[in-house]
Amino acid sequence: LEYFDLVGGKHAVMQHKGPYATLGAAFEWLYGRWLPQSGQEPRDAPPVELYVNDPRETPPDQLRTDIRLPLK
């Protein structure tokens, strides 16, 4: 686990619904399809995953994860 400061500014925000195992496909869509068509440029900062609900109490198909991609 590593702590770091989240940088403010413009972000693309995508909500993924489903098991954590399918997050890779969400990132592929975000970077491979949405970003090239959006006219936006990513900032030199890592994307952030925010886990909205508790996996101990939520069925895998109902899990929600916000993916935030920093933009220039």
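Sequence positions, counted from 1, serve as the residue numbers for this chain. What you see below is based on every heavy atom in this structure, not just the backbone, and it leaves out hydrogens, waters and symmetry mates. What you are looking at is a predicted structure, and each value in this text was computed from that prediction instead of being measured.
- Using a 4.5 Å heavy-atom cutoff, the side chains of Y31 and P47 are in contact.
- Taken to the nearest 0.5 Å, the CG atom of L63 stands 5.5 Å off from the OG1 atom of T58.
- Looking only at distances, a side-chain donor or acceptor of N53 sits under 3.5 Å from a matching main-chain atom of Q62.
- For the atom pair OH (Y51) and CZ (R64), the distance works out to 16.0 Å, reported to the nearest 0.5 Å.
- Considering CD of E49 and CE of M14, their distance stands at 10.5 Å, rounded to 0.5 Å.
- Around the CG atom of D54, the shell of radius 6.0 Å holds more than 12 heavy atoms that belong to other residues, nucleotides or ligands.
- In this structure, L35 and L71 have side chains that are in contact, with non-hydrogen atoms separated by less than 4.5 Å.
- By the criterion of side-chain heavy atoms lying less than 4.5 angstrom apart, applied directly or through intervening Ile, Leu, Val, Met, Phe, Trp or Tyr residues, Y20 is grouped together with I67 in one hydrophobic cluster.
- One finds the CZ atom of R68 at 10.0 Å from the CD atom of Q15 (value rounded to the nearest 0.5 Å).
- Here NE2 of H16 is found 9.5 Å from CZ of F27. Values are rounded to the nearest 0.5 Å.
- A distance of 11.5 Å separates CG in L23 from CG in L30, rounded to the nearest 0.5 Å.
- Between L69 and H11, the closest side-chain pair of non-hydrogen atoms is not below 4.5 Å.
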